[in-house]
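Report on one structure; see the data block that follows.
For this chain, numbers begin at 1 and follow the sequence in order. Hydrogens, waters and symmetry mates play no part in the numbers below; they use all other heavy atoms, side chains included.
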Amino acid sequence: MRRRPGIGGLQTAAAARDQYRLVGENVAKIRTDMMKEQLATFRTQLEEFARKHKNDIRKNPAFRSQFHEMCAKVGVDPLASNKGFWAELLGIGDFYYELGVQIVEICLATRPHNGGLINLQELCILLRQRKSDREAVSEDDCLRAISKLKVLGSGFEVISVGKKKLVRSVPTELNKDHNEILELAQAQGFVTVEEVERRFSWTSGRAIDALDTLLDEGLAMIDDGHRDGKRRYWFPCVSSNSTPVADT
């Protein structure tokens, strides 16, 4: 028959637990202090790196992307504010602000053509046409600028459709059916009702309803001028034959 531990034994066990807890808290504090010290060192080195490679960061998109990755690893956001060390040193806050303004302008100018849904690659091409070689723009730059527009509640958003990224500048809610049609249209720029029915095993009503919604939203254009009599629904936002608009 086991004996229950006495009062002295319980007190000893409780004291041991308290001691272990204190040791654990001290170890955790030491580790936290070491991590803070390492982060402070990394940030100092990052500032020195930024000063040394300022021109490369401002002019080289690939280098700029790598710099942002380095910043993220130590919890620094150079785009958090237009005022402060990073903005004064690199001017990248102003760079992304101006880029965001140009993205808005291009999206508004192309909206009658694509319904407010533009291919990210096409957007980058149009942006590069506005800038000199010294201010090259990458897809990463566009995504960062758009993320800042989204924070402002401007309605801009990047969505993935198949292998492509599309920038949406209108509050259109696309469901799964719409996304699947857009992905199917990437092959040749258009779809027919028959293609949609066959590819997804949909009823005619479901296919027409989804296509009509895309048509009403301005994302599709109708082409009835074919000998086979089949209506084509063209999607400029995913078509490789999209015609870039002139600078505005």
Side-chain angles (χ1 to χ4, degrees), residues 50 53-73 76-82 86-87 89-174 179 182-183 185-186 189 217-219 235-248:
H53 299 283
K54 178 171 68 175
N55 291 334
D56 290 324
I57 293 171
R58 295 180 64 177
K59 298 177 182 178
N60 188 319
F63 201 93
R64 189 160 54 242
S65 176
Q66 293 175 354
F67 173 72
H68 279 296
E69 291 179 6
M70 292 169 58
C71 289
K73 290 179 180 178
V76 172
D77 183 2
L79 305 182
S81 173
N82 261 2
W86 297 106
L89 174 64
L90 302 175
I92 54 178
D94 291 336
F95 172 85
Y96 285 103
Y97 170 77
E98 293 171 3
L99 192 61
V101 171
Q102 293 189 9
I103 287 173
V104 172
E105 291 176 351
I106 290 174
C107 287
L108 290 176
T110 59
R111 189 174 292 175
H113 174 63
N114 56 35
L117 203 60
I118 185 172
N119 191 312
L120 178 62
Q121 292 180 342
E122 182 182 352
L123 176 60
C124 288
I125 291 172
L126 295 174
L127 284 166
R128 289 176 193 133
Q129 291 176 357
R130 293 180 168 213
K131 288 184 169 289
S132 65
D133 292 338
R134 295 181 296 102
E135 296 178 307
V137 177
S138 68
E139 289 189 12
D140 182 75
D141 288 329
C142 289
L143 292 173
R144 292 183 188 280
I146 292 168
S147 71
K148 297 306 172 184
L149 291 174
K150 186 176 179 180
V151 169
L152 295 174
S154 56
F156 281 75
E157 185 179 10
V158 178
I159 62 175
S160 295
V161 176
K163 296 180 180 179
K164 292 188 177 182
K165 285 185 172 63
L166 305 178
V167 179
R168 183 171 64 190
S169 59
V170 291
T172 304
E173 289 296 330
L174 301 178
N179 284 338
L182 288 171
E183 185 173 356
Q186 290 181 15
E217 294 293 342
L219 301 178
F235 295 89
C237 57
V238 298
S239 174
S240 58
N241 297 321
S242 296
T243 303
V245 296
D247 290 356
T248 58

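By the 6.0 Å contact criterion, CD on Q121 is open, its count of non-hydrogen atoms from other residues, nucleotides or ligands being 12 or less.
With hydrogens and angles disregarded, no donor-acceptor distance shorter than 3.5 Å links the side chain of R111 to the backbone of G218.
Residue C142 comes nearest to L120 through the heavy atom pair CB-CD1, 3.8 Å, listed as atom of the first residue, atom of the second, then distance. The heavy-atom pair separating I103 from A145 by the smallest distance is CD1-CB, 3.9 Å. In terms of heavy-atom proximity, A185 sits nearest to V238 at CB-CG2, 3.9 Å. When all heavy atoms are compared, the tightest approach of V161 to N179 is CG1-O, 3.6 Å. Between C237 and L117 the shortest heavy-atom distance is CB-O, 2.6 Å. The minimum heavy-atom distance linking F235 with L219 is given by the pair CD2-O, 3.3 Å.
To the nearest 0.5 Å, atom CG of residue L127 and atom CD of residue E98 are 12.0 Å apart. To the nearest 0.5 Å, the span separating CG on L166 from CG on N114 amounts to 9.5 Å.
With sequence neighbours excluded, the residues that form a side-chain hydrogen bond (donor to acceptor under 3.5 Å, both in side chains) with D141 are R64, Y96, S138. Under the rule for a side-chain hydrogen bond (donor to acceptor under 3.5 Å, both in side chains), the partners of E217 that lie at least two apart in sequence or sit in another chain are T172. The side-chain hydrogen bond (donor to acceptor under 3.5 Å, both in side chains) search around E157 returns R168, not counting sequence neighbours. Applying the side chain to side chain contact (heavy atoms under 4.5 Å, CB included) criterion to V158, with sequence neighbours excluded, gives L143, I146, K165, V167.
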Using the rule given for side-chain contact (heavy atoms from CB on, under 4.5 Å), can you reason through I118 versus L126, listing the C-alpha separation, both sets of side-chain angles and the distance that settles it, and then say yes or no?
CA-CA 11 Å; I118 185 172; L126 295 174; 4.2 Å; yes
